[in-house]
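Worksheet: the structure to be examined is printed underneath.
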Amino acid sequence: MPSEFELIARHFSRPAPGARLGVGDDAALMKIAAGQELAVSTDMLLAGRHFLPDTDPEALGHKALAVNLSDLAAMGACPRWALLAIALPEADDAWLSAFSRGFYALAERFGVDLVGGDTTRGPFTLCVTILGEVEAGQALTRSGARPGDQIWVSGCLGGAALGLAHLQGRVRLDPALADKCRQRLEWPEPRVALGRALRGLASAAIDLSDGLLADLGHILERSRVGAELELAHLPADPALAAVPEDLALDCLLAGGDDYELVFTAPPAHAATIESLAQRLALPLTRIGRIVAGADLVVRDVQGRPLAHHKRGYDHFADSGGDAL
Ligand code: ADP
Ligand code: MG
């Protein structure tokens with residue numbers, strides 16, 4: 001059986017041109033450019049809770065990094081370096097090889113260097129820490145939304161949650177649709193370019209990991225404001241049209257794992273944001289507005305508030321319920 005050091009050398013030791021010193025020493029060394037702040041975030045993935053243990057390891061390598069890139073995207077930061085801590089029940093060379101392929105493919109696409117980590121035997125867990133740079137004082141946060149701001153979302157919503165529902169046998173999709181939703185679940189695309197472009201435009205931003213209502217709820221709390229959403233304006237994943245309405249609504253409003261960005265901006269920026277959608281070839285949809293107060297109201301086509309209270313997945317509130 002290969003040793004910990006052989007596994008690291010084999011799978012996690014590609015060159016790190018953006019670091020002074022990468023994998024192999026007691027710590028990595030990196031220099032931050034003048035005028036930049038360091039943006040740091042970490043995300044843990046547990047087998048059975050955040051992913052099914054038999055998930056394609058290449059997809060898992062992609063997703064472990066993608067969810068971290070998504071956090072930096074939501075801050076408007078430019079990702080630069082990553083650390084990877086892995087606990088594996090046994091040293092599985094084939095698994096690690098596929099996992100690192102997925103991880104590095106995405107890392108290289110975004111110019112991110114893997115500069116360190118930890119590898120140990122133990123209950124199957126992955127933890128990625130991402131470091132990036134953002135111009136000092138320019139980071140997007142959750143706390144800047146103001147009454148009158150418009151609320152926007154990128155891409156479409158609910159496909160990943162529907163993919164999970166399919167994998168868990170809660171719905172049967174036809175094979176082509178199941179593939180599309182599974183792609184959304186397992187290969188999320190972090191919206192880094194959008195986050196960067198929103199500096200100076202958005203008043204607040206967050207990435208969608210736990211569902212629209214839950215994550216928008218975090219902006220509302222941090223900004224001490226309320227919001228009104230128009231159900232008819234929400235960009236539903238086309239796949240949602242193929243399933244019963246209550247499941248579709250649940251995926252749309254409370255489904256996690258889409259990794260789109262939700263952001264707020266003053267109406268004066270609307271035209272610029274629309275041209276951004278063109279430039280990035282990424283739909284950006286206005287879904288509502290920020291209001292005074294603390295309530296999050298979703299209105300149906302008739303303008304009636306929807307009685308939909310399930311906000312999204314909370315790892316402590318729902319004891320291991322329907323999310324992974
Ligand atoms: P230490 O015992 O000093 O913590 P380790 O033996 O755990 O060092 O790791 C040796 C080197 O390999 C370190 O530079 C560490 O950052 C790196 N490393 C360990 N595991 C990983 C991994 N999964 N991915 C990337 N680098 C790793
Ligand atoms: Mg160590």
Side-chain angles (χ1 to χ4, degrees), residues 1-33 36-73 75 77-133 186-190 192 207 209 257 259 324:
M1 185 160 335
S3 76
E4 172 192 340
F5 304 105
E6 283 166 340
L7 290 175
I8 296 166
R10 212 174 288 166
H11 302 294
F12 300 112
S13 296
R14 294 197 199 173
R20 264 224 310 120
L21 190 58
V23 169
D25 217 302
D26 289 307
L29 298 171
M30 292 89 71
K31 227 192 185 118
I32 304 173
Q36 304 282 311
E37 283 175 325
L38 194 60
V40 185
S41 178
T42 196
D43 246 316
M44 216 150 69
L45 297 178
L46 272 70
R49 178 162 279 264
H50 302 99
F51 63 92
L52 299 163
D54 63 354
T55 303
D56 167 14
E58 188 172 349
L60 211 50
H62 172 96
K63 187 162 177 175
L65 180 58
V67 302
N68 280 273
L69 293 176
S70 178
D71 281 322
L72 287 202
M75 300 296 293
C78 177
R80 297 291 312 277
W81 308 284
L83 296 139
L84 168 65
I86 300 188
L88 271 182
E90 60 194 80
D92 182 338
D93 237 351
W95 191 93
L96 283 167
S97 169
F99 177 87
S100 85
R101 203 179 327 123
F103 188 98
Y104 273 115
L106 187 64
E108 279 159 18
R109 198 142 69 72
F110 284 93
V112 168
D113 289 320
L114 180 61
V115 295
D118 205 9
T119 306
T120 177
R121 188 189 299 269
F124 199 2
T125 306
L126 303 164
C127 182
V128 174
T129 300
I130 188 90
L131 300 97
E133 292 175 316
E186 295 185 347
W187 295 88
E189 179 65 21
V192 173
D207 67 318
S209 53
D257 279 311
Y259 295 100
L324 258 189

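Start at 1 and go down the list; that is how both ligands and their atoms are numbered. This is a predicted model, so every value here is computed, not measured.
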Given side chains that start at C-beta, do those of [X] and [Y] come closer than 4.5 Å, heavy atoms only?
X: K63; Y: D257; answer: yes
X: L69; Y: Y259; answer: no
X: M30; Y: E133; answer: no
X: V128; Y: L126; answer: no
X: D207; Y: D71; answer: yes

Give the atom numbers and elements of ligand 1 that come within less than 4.0 Å of a heavy atom of [X].
X: D25; result: 13 (C), 14 (O)
X: D118; result: 7 (O), 19 (C), 20 (N), 21 (C), 23 (N)
X: V23; result: 12 (O), 14 (O), 17 (C), 25 (C), 26 (N)
X: T119; result: 19 (C), 20 (N), 21 (C), 22 (C), 23 (N)
X: D26; result: 3 (O)

What class does the angle between the rings of F51 and F124 fall in, given that below 30° is parallel, 30 to 60° is tilted and above 60° is perpendicular?
perpendicular

Quick check for you: to the nearest 0.5 Å, what is the distance between W81 atom CH2 and T129 atom OG1?
14.0 Å

Examine the proximity of ligand 1 to [X] and report which part, side chain or backbone, both or neither, has a heavy atom under 4.0 Å away.
X: L114; value: side chain
X: I8; value: side chain
X: E4; value: side chain

Nearest heavy atom to atom 15 (C) of ligand 1 wins, so pick from G24, A27, G117.
G117

